[in-house]
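First comes the structure, then the notes that go with it.
Throughout, numbering of the chain's residues begins at 1 and tracks the sequence.
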Amino acid sequence: MGALFAGVALLNTATVGLGTAATLIVAAGNGPGWSGLPSVANVLGTAAGALGAGLLLPGHGRRRVLAAGYGVAAAGALIAFAGALTTSLVPLLLGILLVGLGNGGAQLSRYLAADLYPEERRGRALSNVVWAGTVGALAGPALMAPAANVVTGFGWPALSGPVAVAVLATAGAALAAAFLPRHVPPPRDEPVAAPVRATGVARPLVAMVAAQLTMVAVMTMTPVQLEDHGHGLDVVGWVLSAHLIGMFALAPLSGRIADRWGPRVTINAGLGVLALSTATALAAPTAHTSGLPVALFLLGYGWNLVFVGGSAQLSRDLAPETRSRVQGTVDAVVWSASALAGLGSGQLLAGGGYALVAVVGGVLALLPLALTASRHGR
């Protein structure tokens with residue numbers, strides 16, 4: 001659990017700083033319409049990494065798969081750093097794609113944690129690893145401005161500082177993976193070869209896709225919105241910290257909700273919170289000390305509820321011999337779909353402003369609830 005926790009914490013730290021810096025670099029050099037490209041590269045890499053890790057885990061084990069993924073992420077961070085130094089788009093995006101491959105393995109770590117515990121405790125177990133993202137939520141944005149100050153002392157671009165932090169963090173994650181045991185036995189209440197139960201994959205998949213689309217679209221364009229209104233990296237970091245704390249800090253609470261009231265209640269609550277967050281962003285699109293931090297916090301926690309609830313359902317309803325493959329495939333679909341939000345959000349911002357991004361995000365969050373209500377009404 002400690003090694004899984006450390007790997008997720010370090011990958012989140014790397015991803016937050018790298019993604020934010022890259023978004024601003026691309027927006028400055030290519031215009032706001034293309035500022036979603038780094039997010040697209042990240043989510044596509046994460047999708048491929050999750051799919052690959054899910055397929056490789058049964059045959060190669062936790063330690064080898066995660067260590068290899070984190071090593072690829074470290075190499076990608078170095079390539080992205082070269083791109084940030086030269087403000088070159090191709091190496092920057094390639095590096096982010098490779099970091100995403102490692103992040104795909106980190107995302108599956110929550111399921112690896114759940115596998116260590118009996119069914120009635122899996123929601124809390126996986127939420128404890130999701131909670132590791134709190135480290136990234138605090139460290140990633142907090143390190144942006146100091147890192148920028150350090151690299152400018154060497155005559156390098158200020159935005160290369162957060163990318164340099166990503167290099168160190170991904171290397172640390174690879175080191176943490178080396179401490180994973182070679183083999184972990186299943187919990188005592190679960191036989192090694194259990195019969196396949198009804199999966200119920202569709203419900204968590206649809207909800208997780210909707211939550212990811214909403215979260216990525218609004219989160220990705222918020223730094224650009226703040227910069228357009230004259231705010232610097234300190235304000236961007238503060239608002240993103242509120243968002244990332246919402247994404248991760250309350251994960252243990254989400255896990256307890258999932259274990260006590262079930263994944264369905266947890267998912268529905270998360271979709272409602274996501275809709276509230278987009279309404280808040282729409283009502284206060286420039287309130288960087290009040291409305292926007294609240295909106296971004298709710299955006300993060302709504303996503304967390306859906307993420308933990310959906311993951312809890314997938315960790316319970318799949319047999320051990322098929323579990324990692326299906327979980328990896330679901331994560332790949334979720335992250336692939338959110339690539340549309342990363343690219344489309346930039347176009348929405350350019351065409352209709354931040355308000356249009358918030359409206360579209362709110363509709364996406366409410367759609368799974370409307371579909372569920374429609375089925376129950378028949």
Side-chain angles (χ1 to χ4, degrees), residues 4 7-8 11-12 15 19 39-60 62 65-66 68-70 72-73 96-115 122-123 125-133 136 173 177 199-216 219 247-248 251 254-255 258 263 266-267 270 303-320 322-342 368:
L4 292 172
V8 172
L11 252 294
N12 271 278
T15 302
S39 177
V40 173
N42 174 55
V43 296
L44 289 178
T46 302
L51 181 61
L55 294 174
L56 291 172
L57 277 167
H60 298 277
R62 295 167 171 84
V65 173
L66 288 182
Y70 293 163
V72 170
I96 292 172
L97 182 72
L98 294 175
V99 172
L101 288 175
N103 190 44
Q107 294 300 316
L108 291 186
S109 294
R110 69 192 191 275
Y111 294 120
L112 301 180
D115 289 346
R122 285 181 181 166
L126 67 88
S127 69
N128 286 336
V129 172
V130 174
W131 186 85
T199 62
V201 171
R203 167 69 180 172
L205 174 61
V206 171
M208 291 167 76
V209 166
Q212 193 79 4
L213 288 169
T214 301
M215 187 271 291
V216 170
M219 179 197 69
M247 283 183 71
F248 302 114
S254 301
T266 312
I267 290 171
W303 173 87
N304 181 275
L305 284 164
V306 176
F307 192 69
V308 171
S311 300
Q313 186 167 344
L314 292 172
S315 71
R316 296 175 182 179
D317 294 343
L318 301 170
T322 60
R323 188 176 294 155
S324 65
R325 292 183 178 89
V326 175
Q327 290 164 344
T329 302
V330 168
D331 269 23
V333 172
V334 170
W335 285 94
S336 297
S338 66
L340 298 175

Does any donor atom in the side chain of Ser315 or Arg122 lie under 3.5 Å from an acceptor atom in the other side chain? no
Output for pair (Asn304 CG, Trp131 CH2), nearest 0.5 Å, gives 12.5 Å
Ser311 vs Tyr111, test: side chain to side chain contact (heavy atoms under 4.5 Å, CB included). Steps then yes/no. CA-CA 7 Å; Ser311 300; Tyr111 294 120; 3.6 Å; yes
Residue set satisfying ring pair (Phe, Tyr, Trp, His ring centres under 6.0 Å) with Tyr70, at least two apart, ordered chain then number -> none
Q. Should Leu4 and Leu66 be marked as a side chain to side chain contact (heavy atoms under 4.5 Å, CB included) after you check the CA-CA gap, both sets of side-chain angles, and the distance that decides it?
A. CA-CA 9 Å; Leu4 292 172; Leu66 288 182; 3.8 Å; yes
dist Met247:CE -> Met215:CE (nearest 0.5 Å) comes out at 4.0 Å
Smallest heavy-atom separation, Ala207 atom then Val306 atom, equals O-CG1, 3.4 Å
Q. Is there a side-chain contact between Pro263 and Arg316 (heavy atoms, below 4.5 Å)?
A. yes
By ring pair (Phe, Tyr, Trp, His ring centres under 6.0 Å), Trp335 pairs with (sequence neighbours left out) none
When every non-hydrogen atom of Leu51 is compared with those of Ala332, the smallest separation belongs to CB-CB, 3.8 Å
Q. Within the side chain of Ser109, is there an N or O that forms a donor-acceptor pair under 3.5 Å with the backbone of Ala106?
A. yes
Paired with Asn103, the side-chain contact (heavy atoms from CB on, under 4.5 Å) test is passed by just one of Val43, Thr46, Ile96, Leu98, namely Thr46
With a 4.5 Å heavy-atom cut-off, do Gln107 and Val334 have their side chains touching? no
Smallest heavy-atom separation, Val308 atom then Ser127 atom, equals CG1-CB, 4.3 Å
Shortest non-hydrogen pair, Ala114 vs Ala125, comes out as CA-CB, 4.1 Å
Taken in chain and number order and not counting sequence neighbours, the residues that satisfy side-chain hydrogen bond (donor to acceptor under 3.5 Å, both in side chains) with Asn42 are none
Between Gly102 and Leu11, the two heavy atoms sitting closest are C-CD1, 4.3 Å
Q: Starting from the C-alpha separation in whole Å, work towards a yes-or-no answer on side chain to side chain contact (heavy atoms under 4.5 Å, CB included) for Leu305 and Ile267.
A: CA-CA 6 Å; Leu305 284 164; Ile267 290 171; over 6 Å; no
Closest heavy-atom pair, Val65 versus His60, reported as atoms and distance to 0.1 Å, is CG2-CB, 3.9 Å
One should read off an interatomic distance between Arg110 CZ and Asp331 CG, to the nearest 0.5 angstrom, of 4.0 Å
Assess the residue pair Gln327 and Leu57 against the criterion (side chain to side chain contact (heavy atoms under 4.5 Å, CB included)); give the C-alpha distance rounded to whole Å, side-chain angles, the decisive distance to 0.1 Å, and a yes or no.
CA-CA 11 Å; Gln327 290 164 344; Leu57 277 167; over 6 Å; no
Value for CG (Leu108) from CZ (Arg323), rounded to nearest 0.5 Å, stands at 13.0 Å
